[in-house]
Student: 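Can you keep this structure in mind? I'll have questions shortly.
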Amino acid sequence: VKFAARAAGTPGFPAAAAELADPKAQPNEDAIIAVDVFLRYTINLLLARNAGQRRERLNLVSEAATALSGGGEGTVQAVIDCLDYLRMRIGVPRDMSYPAARELREALLDVSVVLLQTKMDLLADQKMVN
């Protein structure tokens, strides 16, 4: 979780040439709990046995994303960034097999898309209020 939270943290010093491979990057401690929650939703999504269960679990992600949006669009974007950071850093064959990595990347992307939709809805609501 701390590894993924580096996306919302601060870069290391001196800065690494490859941003995604910065070994000195510091995680955003405030993002760790939210990232942990949405990683758990990602794992729950991977355990869905059929399309119906997958839809139900994505609906749960949507409800959690709505609750997270109470922290503002920056909070939602930070979690999206962290999930995307992890998705881009999954190594094959170092971390897992290609098929497993593909499934995990897809689930992380699905959760990020739900979070992004929630963020867009939040922005639309704010524009309507103003």
Side-chain angles (χ1 to χ4, degrees):
V1 175
K2 282 188 175 186
F3 177 79
R6 289 171 25 164
T10 55
F13 185 80
E19 179 184 332
L20 292 179
D22 185 353
K24 296 179 184 171
Q26 296 299 310
N28 181 336
E29 297 290 333
D30 294 335
I32 288 176
I33 292 173
V35 171
D36 181 62
V37 167
F38 283 93
L39 283 174
R40 290 169 190 261
Y41 278 111
T42 302
I43 300 307
N44 192 24
L45 188 59
L46 285 168
L47 296 173
R49 292 188 176 146
N50 55 50
Q53 281 186 349
R54 190 168 175 78
R55 275 191 305 276
E56 289 172 9
R57 292 171 187 202
L58 283 171
N59 285 337
L60 291 174
V61 172
S62 181
E63 290 174 20
T66 300
L68 179 68
S69 70
E73 70 174 280
T75 304
V76 176
Q77 186 61 51
V79 175
I80 292 169
D81 291 345
C82 292
L83 295 179
D84 289 347
Y85 180 85
L86 179 61
R87 183 174 50 83
M88 291 185 288
R89 298 290 298 141
I90 295 169
V92 174
R94 180 193 67 205
D95 298 325
M96 59 185 62
S97 69
Y98 176 73
R102 202 169 96 199
E103 291 293 321
L104 178 55
R105 286 182 186 125
E106 180 182 348
L108 286 165
L109 183 60
D110 289 345
V111 172
S112 290
V113 166
V114 171
L115 284 162
L116 182 59
Q117 184 60 51
T118 301
K119 178 185 168 189
M120 301 301 284
D121 292 345
L122 177 65
L123 290 172
D125 290 345
Q126 288 174 351
K127 284 186 179 182
M128 292 181 90
V129 170
N130 294 333

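For clarity, every value in this text was computed on a predicted model and none was experimentally measured.
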Student: Side chains of L115 and L68: closer than 4.5 Å at any heavy-atom pair?
Tutor: yes
Student: Can you measure from NZ (K24) to OG1 (T10) and round to the nearest 0.5 angstrom?
Tutor: 13.0 Å
Student: Determine whether a donor-acceptor pair (N or O, by modelled atom type, separation under 3.5 Å) exists between the side chain of S112 and the backbone of L108.
Tutor: yes
Student: What residues form a salt bridge (charged side-chain N to carboxylate O under 4.0 Å, His left out) with R87, not counting sequence neighbours?
Tutor: D84
Student: To the closest 0.5 Å, what do you measure between CG (D110) and CG (L83)?
Tutor: 11.5 Å
Student: Assess whether atom CD1 of I33 is packed by more than 12 heavy atoms of other residues, nucleotides or ligands within 6.0 Å.
Tutor: no
Student: Looking at side-chain heavy atoms only, is the closest gap between L60 and L45 below 4.5 Å?
Tutor: no
Student: Which heavy-atom pair separates P27 from K2 by the least distance, and what is that distance?
Tutor: CB-O, 3.3 Å
Student: Going only through I, L, V, M, F, W and Y residues with side-chain contacts under 4.5 Å, is there a path from V111 to M96?
Tutor: yes
Student: Once you round to the nearest 0.5 Å, how far does CZ of R54 lie from CG of N44?
Tutor: 11.0 Å
Student: If you measure only the distance, is there a donor-acceptor pair under 3.5 Å linking the side chains of D81 and Q77?
Tutor: yes
Student: Considering non-hydrogen atoms only, spot the tightest contact between C82 and A5 and give its length.
Tutor: SG-CA, 3.6 Å
Student: Please identify each residue that fulfils side-chain contact (heavy atoms from CB on, under 4.5 Å) with Y98, with sequence neighbours left out.
Tutor: V92, R102
Student: Can you name the residues that form a side chain to side chain donor-acceptor pair (under 3.5 Å) with D36, not counting sequence neighbours?
Tutor: R40
Student: Please report the shortest heavy-atom distance between I32 and V1, naming the atom on each side.
Tutor: O-CG1, 3.4 Å
Student: For L122, what residues pass the side-chain contact (heavy atoms from CB on, under 4.5 Å) criterion, not counting sequence neighbours?
Tutor: S69, E73, Q126
Student: Work out which heavy atom in T42 is nearest to a heavy atom in A107; give both atom names and the distance.
Tutor: CG2-CB, 3.7 Å
Student: Are F38 and V113 co-members of a hydrophobic cluster defined by side-chain heavy atoms under 4.5 Å apart?
Tutor: no
Student: State, yes or no, whether a side-chain contact exists between L39 and I43 at a heavy-atom distance under 4.5 Å.
Tutor: no
Student: In Å, rounded to the nearest 0.5 Å, how long is the span from OG1 of T75 to NZ of K119?
Tutor: 11.0 Å
Student: Hey, quick one: are L109 and Y41 part of the same hydrophobic cluster, counting side-chain heavy atoms closer than 4.5 Å, chains of contacts allowed?
Tutor: no
Student: Residues in side-chain contact (heavy atoms from CB on, under 4.5 Å) with Q53, at least two apart?
Tutor: A48, R49, N50, R57
Student: Minimum heavy-atom separation for Y85 to A7, with atom names?
Tutor: CB-CB, 3.4 Å
Student: Give the minimum heavy-atom separation between A4 and V35, together with the two atoms involved.
Tutor: CB-CG1, 4.0 Å
Student: Can you name the residues that form a salt bridge (charged side-chain N to carboxylate O under 4.0 Å, His left out) with D95, not counting sequence neighbours?
Tutor: none
Student: Does M120 CE have over 12 foreign heavy atoms under 6.0 Å away?
Tutor: no
